[in-house]
Amino acid sequence: MCGIFGCVLKNGDAAPIIHAALKRLEYRGYDSVGEATIHEGRLLTKKGQGKIDEVHETYNLDALPGQIGIGHTRWATHGAPSRVNAHPHTDCSGKIAVVHNGIIENFSELKKELEERGHTFQSKTDTEIIPHIIEEELERNNTLVEAVHSAVERLNGSYAIAVISVKEPGKIVCVRKESPLVIGIAEDEVYCASDIPAFLPLTNNAVIVENGELVVLSDKGYEIRKIVDKSSVTRKPEVIDWDPAMAEKQGYPHFMLKEIHEQPFCIRNTLRLQEQYLELMTTFLDRAGEVFLVACGTSYHACLAASYMFSKLAMLATHPIIASEFVEQHGRAVNIDSVVLAVSQSGETADTLDAVECARQRAATVLGLTNIIGSTLTRVARAYVCQQSHPEIGVAATKTFTSQLSVLSQLALRLAKKRGKVSHVEIEQLEEKLEQIPDIVEGLIETQEEKIKQLAKKYRDKQCFFFLGRGVSSASALEGRLKLLEIAYAPALAYPAGESKHGPIGLIEPGFPVIFVCPSDGTRKTILGNIMEMKARGASIIAVVEEGDEGIKSLADDYLEIPPGLPEILSPIPYVIPLQLFAYYMAIERGCDPDQPRNLAKSVTVK
Ligand code: AGP
């Protein structure tokens, strides 16, 4: 995700401080970098595409005079990685500079209005509209604080921004809405940043900025106000006792746990996707003679779940295919009437790209769902959606999986709407439930995490696990198995529950742990039978079950509860959360490194 930084010094140059701070934000992932300072009434900017050291080599980021400045590491969401899309962005006069982390949902319409009023734009980013709106507000004789305040009231979406202007050269004005923002307070300097590591070596006195707050930094320190009523907020700094390594994980012991907890934020991001990209994908899917959903690993499990969504909602039969088998299985059948939707968080998985190349050679339409703009998949796909999960550092896919599911369910919903396969009432209900998912996930983590930690202690020494589910939950079962297997090195099997009678049940003996993913949907009756079959053979039943389902809870040795009332096709998102946490805590119990599991790479770029 993007990183922002700003500093106001009482003496000395800001640029080297900004440069060093941006280096400490590199772990967030980025493709370009930039800085701006104010010196003797002039705004000075340097920026470029590439890593910080490369851009510094080319432009010398430290050679920017001035005691006040802002900086940015960009993770592309709107507009490919390039120098012109790099932040800071400025207004027409070149007197205002802005850096931003987040997504402005209504940037297209604001940009159109601004262009109609004569503003000219250099980049394709959503961010660039912000300095131009501030420019207009300043022209109405507002102060910089008033101008920024008025500007953010017109923005929808998520943002952490820092703004400087030659009109008031001693101030940085920053605002937070959802995207993180912290303030660092040192003896003669004050900082704003996306994350504590940026200034931790300079000070461990930090103030966390809350949602909907505006902060003014100057050589007098910091002042916090509420956007809603401009009231002043008093908040004392807290002392941060993290070491730099912990600070990169925002205090979590591992990136994987941090990323499991980030899922509500990431899913909210997927609910802000630009309409036109989803619409384009839906149109291609609607016109397809046949649809293949192609991916590997966790992304394949997202495709498997999506095949139920497309079928149940849009009455579209799709073929989820493990990418490494695509050429063998369908290489000769795929044709000009085929659509291949490739799902890959890295956008670089060799097996998936291989399948895509085969499809392209057969004139099929290739669509992409990925987390990385500028990845190979975005270059070879006819159309793609970026899921905006920000970088996933842990090798095990967690937040990118639930974000993929969220995007795929939106595509299924749009397709159902386009095809008139579901009523408007049903569509509104599903859309409303989708909007509730981030809060449900947030609550679920809060209420179940401690219990899951205990479960991991209880089952730590078990030698093999079953994961069973029916319908769309069979995809959740497969994903839960993969998580446990890849980071806790626990041998595990996963099947559609109905299949367990056809062989796998032969493994069951007293105490054998069987994890059932069993929402109270249309499959409940049959899965109840599977649970009883396993129980009759002495298995230890662990059920991920809907709150209040006393029937299943009474059969389980242990259970984890999911809030009720979720539509069946959305259930994989919340139901996988306990399985992710179980795998994580089993890894801890077994002394494994959840972030760097043995033998695995984050992106498998070899076949
Ligand atoms: C999942 O935890 C693994 N890291 C792995 O299975 C991964 O999902 C697979 O390699 C696909 O990666 P991609 O989404 O980047 O294509």
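As the structure lists them, so they are numbered: ligands from 1, and atoms in each ligand from 1. As the structure is a computational prediction, the values presented were derived from the model and not from experiment. Worth knowing before you read on, the calculation uses all heavy atoms, side chains too, and leaves out hydrogens, waters and symmetry mates.
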Ligand 1 to G297 polar contact by distance, N or O atoms, under 3.5 Å: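 Among all N and O atoms of G297, none is under 3.5 Å from an N or O of ligand 1.
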Examine V395 against ligand 1 and note whether any of their N/O atoms are separated by less than 3.5 Å.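 So ligand 1 has an N or O lying under 3.5 Å from an N or O of V395.
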Considering only non-hydrogen protein atoms, determine which one is nearest to [atom] and report residue, atom name and distance to 0.1 Å.
atom                    : value
atom 9 (C) of ligand 1  : C296 O, 3.8 Å
atom 15 (O) of ligand 1 : S346 OG, 2.7 Å
atom 10 (O) of ligand 1 : V604 CG2, 4.0 Å
atom 3 (C) of ligand 1  : E486 OE1, 3.5 Å

Under 4.0 Å from a heavy atom of [X]: give me the atoms of ligand 1 that qualify, with their elements.
X    : value
A396 : 2 (O)
S299 : 8 (O), 13 (P), 14 (O)
T298 : 1 (C), 2 (O), 6 (O), 8 (O)

Kindly indicate whether the side chain of R362, heavy atoms from C-beta on, has any atom under 4.5 Å from the side chain of I336.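 Of all side-chain heavy-atom pairs linking I336 with R362, none is under 4.5 Å.
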Straight-line distance of C592 SG to I487 CD1, nearest 0.5 Å: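 Between atom SG of C592 and atom CD1 of I487 there are 8.0 Å.
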What is the distance from atom CZ of R414 to atom OG1 of T283, rounded to the nearest 0.5 Å?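 That separation rounds to 10.5 Å.
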Pi-cation contact, Y584 with K453 (under 6.0 Å, within 45°):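 Judged by the rule (NZ or CZ under 6.0 Å from the ring centre, within 45° of its axis), K453 is not positioned above Y584.
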Could you go through F401 and H301, starting from their C-alpha distance and side-chain angles, then the distance that decides it, and tell me whether this counts as ring-ring contact (aromatic ring centres under 6.0 Å, His included)? CA-CA 8 Å; F401 176 63; H301 299 151; 7.0 Å; no
Taking the inter-plane angle between the rings of F465 and F582 on a 0 to 90° scale, is it parallel (under 30°), tilted (30 to 60°) or perpendicular (over 60°)?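 Aromatic pair F465/F582 classed perpendicular.
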By the ring-ring contact (aromatic ring centres under 6.0 Å, His included) test, which pairs, at least two apart or in different chains, include something from residues 484-505?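 Residue pairs passing ring-ring contact (aromatic ring centres under 6.0 Å, His included), neighbours aside: none found.
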Any K483 heavy atom less than 4.0 Å from ligand 1: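 Heavy atoms of K483 do come under 4.0 Å of ligand 1.
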Closest non-hydrogen atom pair, P594 against A587: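 Where P594 meets A587 most closely, the heavy atoms are CG-CB, 4.3 Å.
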Using heavy atoms and a threshold below 4.0 Å, how should the contact between T349 and ligand 1 be classified: side chain, backbone, both, or neither?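 Contact part for T349 vs ligand 1: side chain (C-beta onward).
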Tell me the contacting part of E348 for ligand 1: side chain, backbone, both, or neither, using a 4.0 Å heavy-atom threshold, strictly below.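 The answer is neither.
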